[in-house]
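The model shown is predicted, which means the values in this text are computed figures rather than measured ones.
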Amino acid sequence: MKQLRSPRHRTLIAVIVAARQAAGLTQRQLAAKLKRSNSFVWKLEAGERQLNVLEFIEIARVLGVKASKLMVDIEA
């Protein structure tokens, strides 16, 4: 089943973007904290790439939220 750009994938992206904004970070700042390229965050937020679970957990950690909290937001 294709997941990229599915409704659930768009929800995942929206939750991550909201958490990034709540943390007061730009895409560039998040990328720097993750030690990733700017394009990593841009492609993620544009819906052009999927996350694996380890990347998801790392993003949550950098944003100062529990991955489980983000999962609850995705499921809601």
Side-chain angles (χ1 to χ4, degrees):
M1 185 167 151
K2 186 174 180 172
Q3 297 295 317
L4 198 60
R5 295 193 179 109
S6 70
R8 288 190 75 134
H9 186 244
R10 286 191 299 269
T11 301
L12 167 68
I13 292 165
V15 166
I16 290 172
V17 170
R20 176 181 58 77
Q21 291 172 340
L25 296 175
T26 66
Q27 288 182 345
R28 283 180 185 248
Q29 290 168 325
L30 176 57
K33 288 181 175 282
L34 292 168
K35 296 182 173 74
R36 297 288 197 111
S37 68
N38 296 337
S39 67
F40 171 82
V41 176
W42 183 87
K43 286 179 180 179
L44 170 69
E45 291 189 7
E48 294 187 6
R49 86 176 300 284
Q50 289 188 339
L51 279 181
N52 69 44
V53 70
L54 298 176
E55 291 169 331
F56 179 78
I57 291 168
E58 179 65 9
I59 288 170
R61 185 191 66 74
V62 165
L63 293 176
V65 296
K66 291 190 177 275
S68 58
K69 163 66 167 96
L70 293 180
M71 291 301 295
V72 168
D73 292 347
I74 292 165
E75 292 293 321

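- Interatomic distance, CD of E48 versus OG of S39, reported as 10.0 Å (0.5 Å rounding).
- No single ILVMFWY cluster, assembled from side-chain heavy atoms under 4.5 Å apart, contains both I57 and V17.
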side-chain contact (heavy atoms from CB on, under 4.5 Å) between L51 and I16, worked out = CA-CA 11 Å; L51 279 181; I16 290 172; 3.5 Å; yes
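- The line from CG of L44 to CZ of F56 is 10.5 Å long, rounded to the nearest 0.5 Å.
- To the nearest 0.5 angstrom, I74 atom CD1 is 8.0 Å from T11 atom OG1.
- Salt bridge annotation for R49-E55: present, with a cationic side-chain nitrogen under 4.0 angstrom from a carboxylate oxygen.
- The shortest non-hydrogen separation linking A31 to S37 is CB-O, 3.5 Å.
- Using a distance-only test at 3.5 Å, with no hydrogens or angles considered, no donor-acceptor pair links the side chain of E75 to the main chain of V72.
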Between R20 and L63, is a side-chain contact (heavy atoms from CB on, under 4.5 Å) present by the stated rule, with each step listed?
-> CA-CA 6 Å; R20 176 181 58 77; L63 293 176; 4.1 Å; yes
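- Hydrophobic clustering keeps L25 apart from I13 (ILVMFWY residues linked when any side-chain heavy atoms are closer than 4.5 Å, directly or through intermediates).
- Annotation: the span from Q21 atom CD to Q27 atom CD amounts to 9.0 Å, rounded to 0.5 Å.
- The pair E58-K33 does not count as a salt bridge, with every side-chain nitrogen at least 4.0 angstrom from each carboxylate oxygen.
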